[in-house]
There are 2 protein chains.
Amino acid sequence: MVVDQLRETELDRLFQAFADSTRRDIVRRVTVGEYSVSGLASLYAMSFAAVQKHVTVLERASLVTKEKRGREQIVRGNHEGLQKARRLLDEYEAIWQERVGRMAGILAEG
Amino acid sequence: MVVDQLRETELDRLFQAFADSTRRDIVRRVTVGEYSVSGLASLYAMSFAAVQKHVTVLERASLVTKEKRGREQIVRGNHEGLQKARRLLDEYEAIWQERVGRMAGILAEG
DNA sequence: CTATCGTACAACCAAATGGTTGTAGATCAG
DNA sequence: CTGATCTACAACCATTTGGTTGTACGATAG
């Protein structure tokens, strides 16, 4: 099980990335359209550097990709991170439903 | 939109709670069975107080509930938090699919 | 009653987080 | 070429986080 250490820190970064409303907003926006980093920065009441850091966090969580275009860096949504997050929560949901099934089974017996 | 501030910090706490492997493990375990706080603490290589703090984080995120039973505090899974997290990710997925639909539409036109 | 167990909580600490300003390198416009 | 724009990155700062130890208190067992 020691191998899973990789996946665990990956998930740490993923959910950590979601745990900030500015970052969640960035993810929504860059899924719909394309934005440069400064284009994103202009949307929020914080410095360019702060937004840049948020984008880096999202990139390391596979929620976003950056691609250089001229002097701009274009930020786009990356489905991969979202899929991984959803898969984990789906597992948790399955555990819940399993439990619900057991409860029903016990009721049926009794 | 200012009202959403509440929901945003709620989501912050929720995803923050998921952003730690010990806490994710606790959620899994208490969904399947019942554990006292010290019962949980015995599972991890950290102090009782540390686990107690993790449980508090999970409780504030509505991922877990505590119920006093004698001198023990029983920790159980709480579906509410999980549902909220899943609902958010489902919204994001919908935005993706919408985008995919638009792309297909453009291709059909051209 | 007394010891033990389970919990709560405070105080402390190191590291990470979320923000800032400042500097410097590319790229583009004129 | 020059100046403006976009990005990267370092240094710094306050707060939060994840951990520790220590103390106190209610509930239980003997």
Side-chain angles (χ1 to χ4, degrees), chain A residues 5 8-30 33-76 78 81, chain B residues 5 8-30 33-76 78 81:
Chain A
Q5 208 66 13
E8 289 301 314
T9 61
E10 193 188 350
L11 290 169
D12 288 357
R13 270 180 285 164
L14 235 186
F15 286 103
Q16 181 62 36
F18 273 118
D20 181 282
S21 65
T22 300
R23 286 195 294 260
R24 287 193 300 272
D25 192 63
I26 290 175
V27 169
R28 270 181 244 116
R29 290 185 186 267
V30 300
E34 286 184 0
Y35 287 83
S36 68
V37 179
S38 56
L40 284 171
S42 70
L43 301 170
Y44 309 103
M46 67 183 73
S47 69
F48 171 82
V51 174
Q52 208 178 11
K53 283 191 185 180
H54 282 309
V55 171
T56 300
V57 169
L58 290 170
E59 196 183 14
R60 287 179 27 102
S62 301
L63 283 168
V64 135
T65 62
K66 276 193 305 188
E67 188 192 346
K68 205 168 196 167
R69 195 166 67 190
R71 66 182 157 186
E72 294 186 331
Q73 198 82 257
I74 303 300
V75 184
R76 294 196 184 82
N78 183 3
Chain B
Q5 209 64 15
E8 289 301 314
T9 62
E10 191 187 351
L11 289 170
D12 288 355
R13 269 181 285 164
L14 192 46
F15 286 103
Q16 180 62 36
F18 272 117
D20 181 283
S21 64
T22 301
R23 286 195 293 260
R24 287 193 299 272
D25 192 63
I26 291 175
V27 168
R28 271 181 243 115
R29 290 185 186 269
V30 301
E34 286 184 0
Y35 287 83
S36 68
V37 178
S38 55
L40 286 170
S42 70
L43 300 170
Y44 309 103
M46 68 184 72
S47 69
F48 171 83
V51 174
Q52 207 177 12
K53 283 190 185 182
H54 282 309
V55 171
T56 300
V57 169
L58 290 170
E59 196 183 14
R60 287 178 28 104
S62 302
L63 283 169
V64 134
T65 61
K66 279 193 304 187
E67 187 191 348
K68 205 167 194 166
R69 195 168 66 191
R71 67 181 157 186
E72 294 186 332
Q73 197 83 256
I74 303 299
V75 182
R76 295 195 183 82
N78 182 3

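First the proteins, then the strands, lettered A, B, ... as listed; each starts at 1.
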**Q.** Residues in side-chain contact (heavy atoms from CB on, under 4.5 Å) contact with Ser42(A), at least two apart in sequence or another chain
**A.** none
Q | Which residues share a side chain to side chain donor-acceptor pair (under 3.5 Å) with Ser38(A), sequence neighbours left out | A | Ser36(A)
Q) Can you list every pair that meets salt bridge (charged side-chain N to carboxylate O under 4.0 Å, His left out) and has a residue in residues 35-44 of chain A, with sequence neighbours left out? A) none
Q.
Nearest 0.5 Å, please: how far is CD in Gln16(A) from CD in Gln16(B)?
A. 4.5 Å
Q: Please identify each residue that fulfils salt bridge (charged side-chain N to carboxylate O under 4.0 Å, His left out) with Arg24(B), with sequence neighbours left out.
A: Glu8(A), Asp12(A)
Q | Arg28(B): partners by side chain to side chain donor-acceptor pair (under 3.5 Å), with sequence neighbours left out | A | Tyr92(A), Asp25(B)
Q) Between Arg60(B) (CZ) and dT16(D) (C1'), how many Å, whole number? A) 12 Å
Taking only distance into account, with no hydrogens and no angle test, what donor-acceptor pairs under 3.5 Å do side-chain atoms of residues 51-61 of chain B form with protein atoms, sequence neighbours excluded?
unit_1   : atom_1 : unit_2   : atom_2 : d
His54(B) : ND1    : Arg23(B) : NH1    : 3.2
Thr56(B) : OG1    : Gln52(B) : O      : 3.0

**Q.** dT7(D) OP1/OP2 closer than 4.0 Å to side-chain N/O of Lys66(A)
**A.** no
Q. Within less than 4.0 Å of OP1 or OP2 of dT7(D), is there a side-chain N or O belonging to Gln52(A)?
A. no
Q: Go through the steps for Val30(B) and Leu40(B) under the test side chain to side chain contact (heavy atoms under 4.5 Å, CB included), then give the verdict.
A: CA-CA 9 Å; Val30(B) 301; Leu40(B) 286 170; 4.1 Å; yes
Q | Separation of Leu14(A) CG from Ser62(A) OG (nearest 0.5 Å) | A | 7.0 Å
Q) To the side chain of His54(A), which of dA8(D), dG18(C), dT7(C) is closest? A) dG18(C)
Q. Would you say dT7(C) has OP1 or OP2 under 4.0 Å from some side-chain N or O of Ser38(B)?
A. yes
Q.
Looking at Gln73(A), I'd like to know whether one of its side-chain N or O atoms comes within less than 4.0 Å of OP1 or OP2 on dC6(D).
A. no
Q) Through what angle, rounded to 10 degrees, does the axis of the helix from dC1(C)-dG30(D) to dG30(C)-dC1(D) turn between its ends, using five pairs per end? A) 30°
Q | Of residues 13-27 of chain B, the positions that come close to DNA chain C - non-hydrogen atoms, cut-off under 4.0 Å | A | none
Q | Within residues 34-48 of chain A or reaching into it, pairs that qualify as salt bridge (charged side-chain N to carboxylate O under 4.0 Å, His left out) - sequence neighbours excluded | A | Glu34(A)-Arg69(A), Glu34(A)-Arg76(A)
Q | Contacts of Phe15(A) that satisfy ring-ring contact (aromatic ring centres under 6.0 Å, His included) - sequence neighbours left out | A | Phe18(B)
Give every pair of a protein N or O atom and an N or O atom of nucleotides 25-30 of chain C that lie under 3.5 Å apart, one pair per line with the distance.
unit_1  : atom_1 : unit_2   : atom_2 : d
dT27(C) : O2     : Arg71(A) : NH1    : 3.3

Kindly give the atom pairs (protein nitrogen or oxygen, nucleotide nitrogen or oxygen) under 3.5 Å for nucleotides 20-24 of chain D.
unit_1  : atom_1 : unit_2   : atom_2 : d
dT20(D) : OP1    : Ser47(B) : N      : 3.3
dT20(D) : OP2    : Ser47(B) : N      : 2.8
dT20(D) : OP2    : Ser47(B) : OG     : 2.5

Q. Rounded to whole angstrom units, what separation is found between the CG atom of Asp12(B) and the P atom of dT16(D)?
A. 13 Å
Q) Shortest non-hydrogen contact from Ala50(A) to Met46(A)? A) CB-SD, 3.7 Å
Q.
What verdict does the side chain to side chain contact (heavy atoms under 4.5 Å, CB included) test give for Tyr44(B) and Ile26(B), after you've listed the backbone C-alpha separation in whole Å, the side-chain angles of each residue and the deciding distance to 0.1 Å?
A. CA-CA 10 Å; Tyr44(B) 309 103; Ile26(B) 291 175; 3.4 Å; yes
